[in-house]
Amino acid sequence: MQRLRQIFSLSEIKSVILATLIVVAGLVLAVFALALGGREPELSTLAAILSLVFVLLMIVFVLPPLARSASREARNLSIPFEFTVGGAIMLSLIIIVGFSAWNTGNNLLFLILALLISILLISYAVGWLNLRKIDLTMRFPEAIYAGEDVEIRVQLKNNKRLLPIFSVLVEIRCTATDISAAEPILEKLFPRFISKRLGRPPLISKTLSYFPYLKAGESLDIVSKHKFPERGRFVIRDFELISRFPFSFFSLRRQLPARATELYVLPKVDLSEDISFQVLSEAGRAPTHLRGVGQDLLSIREYLPTDDLRRIDWKATAKRSEIMVREFSLEEERKFTIILDRRLAEKEFPKRTIREIFEAESQGLYPFRIEKFEKAVSLTASVLSRIADERSEMRLVLGNDSGEFGIGGAWLLSCLRRLAATQAEIADPEMPAVPKEWEELILSAPVGHYFLIISGFKGDFDEINSSSVKLIQF
């Protein structure tokens, strides 16, 4: 029972038991009505009516979840088509008419059966031809931020010489991770070779654009806006063209290969964060006693031919009756190391069943998302953005990955991509609040090097009290 609870939640187990009881009760009543026959007409009629009621309950409560699951499996298995509601009705009519024709031998019924089968086959053939000879090009912006609208350009080209294209939906298929978050749980329940197979991450389908009509030999660009609700890293597997043309009996699919590409949805950046401004203001530029370009006055001296005329001090020149220039002290360059502590207590991680994990991953969501940690990631991104605007060197430390120093917008983008893919981890209760790696970085840092530690770890950070170290506990 414990293993079952790890796979399904209590409500899901209840739903499965209820669905099983409905199916069994309907079958029992149907067999009971058939067994009574004409011996007990009233009781037989009542049993038949009750069995029909249970059939109706099956249609309402049992079949829709099964149909949704079957549709998801069809997408993951890359089956080139699936029946729509209209197609299922058409198939049912073919079965009913076929059985009636075979049972009665009526030629008219055989003609109707042939007509229905022909329409179904023609629908599939025309739909298959509609998706042939199509080229697809897609362009994503360099930076995509969570919760913000982004413009994605999709170009569809019809390479057919005569036939146009009708009603084509373009989707992108990707995975959020290389392995599913459910794999560690599956390893405890099944052998390694089974858990590895079951632990494959589900494919995520995102609808991008819809092309209602495209003439032969023409191409069309459509720019559509999309919003990614959460940060993350997505690996693009392929593109998918979907069409229900001409009669909506089938939902036909065609996969187009895509170049292996990683798509990063960056965390939210809020430059109005007071804390990010406070960090930079406290880490002020320290003046030195060396000459250079700065804001602090070092001395006033006589003019030399190599001096800049803009540095002439006219008041001192009038007093001394000779040209005097201002000389400024060289400001110390600042360096920042931002440390995001990914450790959190085990109790802060939400409990998820295997089914809930796969359900979240199939929607492109992280199943163990912790709101507190997401705010810390957003704060880290905001601080990094403000430092980049100040043109100061910075480094991002995530766990054992200390990273390197860099400067500018390109370096900021690489740091935000690392943030997009990072996740919280369960803290080791025996681990000190300040790991040795952090302590070595802080102790070996030169003057003018500032550290910001963003942590949710409930530990004693008193040992790192310093004017160059600031701690933010979330």
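Just so it is clear, the structure is predicted and the values come from calculations on it, not from any experiment. Residue numbers start at 1 and run along the sequence shown.
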**Q.** Ion pair check, Glu171 and Lys206, cut-off under 4.0 Å
**A.** no

(Q) Between Asp238 and Arg173 (salt bridge meaning N to carboxylate O under 4.0 Å), is one present in this structure? (A) yes

Q: Kindly check if the number of other-residue, nucleotide or ligand heavy atoms within 6.0 Å of NZ (Lys160) is above 12?
A: yes

**Q.** Set of residues satisfying side chain to side chain contact (heavy atoms under 4.5 Å, CB included) with respect to Phe83, sequence neighbours excluded
**A.** Phe81, Leu91, Phe250

Q. Can you name the closest pair of heavy atoms from Cys415 and Leu396 and give their distance?
A. O-CD2, 3.5 Å

Q) Where do Ala427 and Arg343 come nearest, in terms of heavy atoms and distance? A) CB-CB, 3.7 Å

Q.
Taking side chain to side chain donor-acceptor pair (under 3.5 Å) as the cut-off, I'd like each qualifying pair that reaches into residues 126-141, sequence neighbours left out, listed once.
A. Asn130-Ser243, Asp135-Asn159

Q) Would you say the side chain of Phe373 lies within less than 4.5 Å of the side chain of Lys375, judging by non-hydrogen atoms? A) no

Q) Just wondering, more than 12 heavy atoms not from Arg418 lying within 6.0 Å of its CZ? A) yes

Q) Where do Arg395 and Glu393 land on the salt bridge (Lys or Arg N to Asp or Glu O under 4.0 Å) test, with the steps shown first? A) CA-CA 7 Å; Arg395 170 175 60 182; Glu393 282 193 82; over 6 Å; no

Q) Looking only at heavy atoms, what is the nearest atom pair of Lys268 and Ala146, with distance? A) CG-O, 3.3 Å

Q) Residues two or more places apart in sequence or in another chain: which of them pass side chain to side chain contact (heavy atoms under 4.5 Å, CB included) with Pro350? A) Arg352, Phe368, Ile370

Q | Residues which pass side chain to side chain donor-acceptor pair (under 3.5 Å) with Glu404, listed by chain and number, not counting sequence neighbours | A | none

Q: Quick one: pull up CD1 in Ile89 and CD1 in Ile94 and give me the separation to the nearest 0.5 Å.
A: 12.5 Å

Q | Closest non-hydrogen atom pair, Arg254 against Ile134 | A | NH1-N, 3.6 Å

(Q) I need the minimum non-hydrogen distance between Tyr145 and Pro267, along with the two atoms involved. (A) CD2-O, 3.4 Å

**Q.** Selection residues 386-427 - residue pairs positive for ring-ring contact (aromatic ring centres under 6.0 Å, His included), sequence neighbours left out
**A.** Phe405-His449

Q: Supply the atom-to-atom distance Leu208 CG to Glu240 CD, rounded to the nearest 0.5 angstrom.
A: 11.0 Å

Side-chain atoms of residues 107-127: list all donor-acceptor pairs with protein atoms under 3.5 Å, sequence neighbours left out, distances to 0.1 Å.
residue, atom, partner, partner atom, Å
Ser118, OG, Ala114, O, 2.7

Q) Residues two or more places apart in sequence or in another chain: which of them pass salt bridge (Lys or Arg N to Asp or Glu O under 4.0 Å) with Glu348? A) Lys372

(Q) Distance check, rounded to the nearest 0.5 Å: Leu340 atom CG versus Leu398 atom CG? (A) 5.5 Å

(Q) Among residues at least two apart in sequence or on other chains, which ones pass salt bridge (Lys or Arg N to Asp or Glu O under 4.0 Å) with Glu425? (A) Arg342

**Q.** Listed partners of Tyr264 passing side chain to side chain donor-acceptor pair (under 3.5 Å), at least two apart
**A.** Glu262

Q) What's the shortest heavy-atom distance between Ile338 and Val383, and which atoms? A) CD1-CG1, 3.9 Å

Q: Drop me the distance from Ile453's CD1 to Thr337's OG1, to the nearest 0.5 angstrom.
A: 10.0 Å

**Q.** Separation of Leu162 CG from Lys215 NZ (nearest 0.5 Å)
**A.** 14.0 Å

Q) Run the side-chain contact (heavy atoms from CB on, under 4.5 Å) check on Leu129 and Phe245 step by step: do they pass? A) CA-CA 10 Å; Leu129 187 62; Phe245 179 80; over 6 Å; no

Q.
Between Ser167 and Arg244, is there a side-chain donor-acceptor contact under 3.5 Å, judged purely by atom types and distance?
A. no

**Q.** Spatial distance of atom OG (Ser378) from atom CG (Leu266) [nearest 0.5 Å]
**A.** 11.5 Å

Q: Quick one: list whatever passes side chain to side chain contact (heavy atoms under 4.5 Å, CB included) with Pro164, sequence neighbours left out.
A: Phe166, Tyr213

Q: List the steps and the verdict of side-chain contact (heavy atoms from CB on, under 4.5 Å) for Val170 and Phe211.
A: CA-CA 8 Å; Val170 178; Phe211 294 82; 3.7 Å; yes

Q. Sequence neighbours excluded, which residues qualify as side chain to side chain donor-acceptor pair (under 3.5 Å) partners of Glu151?
A. none

Q: Could you list the residues that satisfy side chain to side chain contact (heavy atoms under 4.5 Å, CB included) with Ser219, not counting sequence neighbours?
A: Gln155, Lys157

Q | Greater than 12 external heavy atoms within 6.0 Å of Tyr210's OH | A | yes

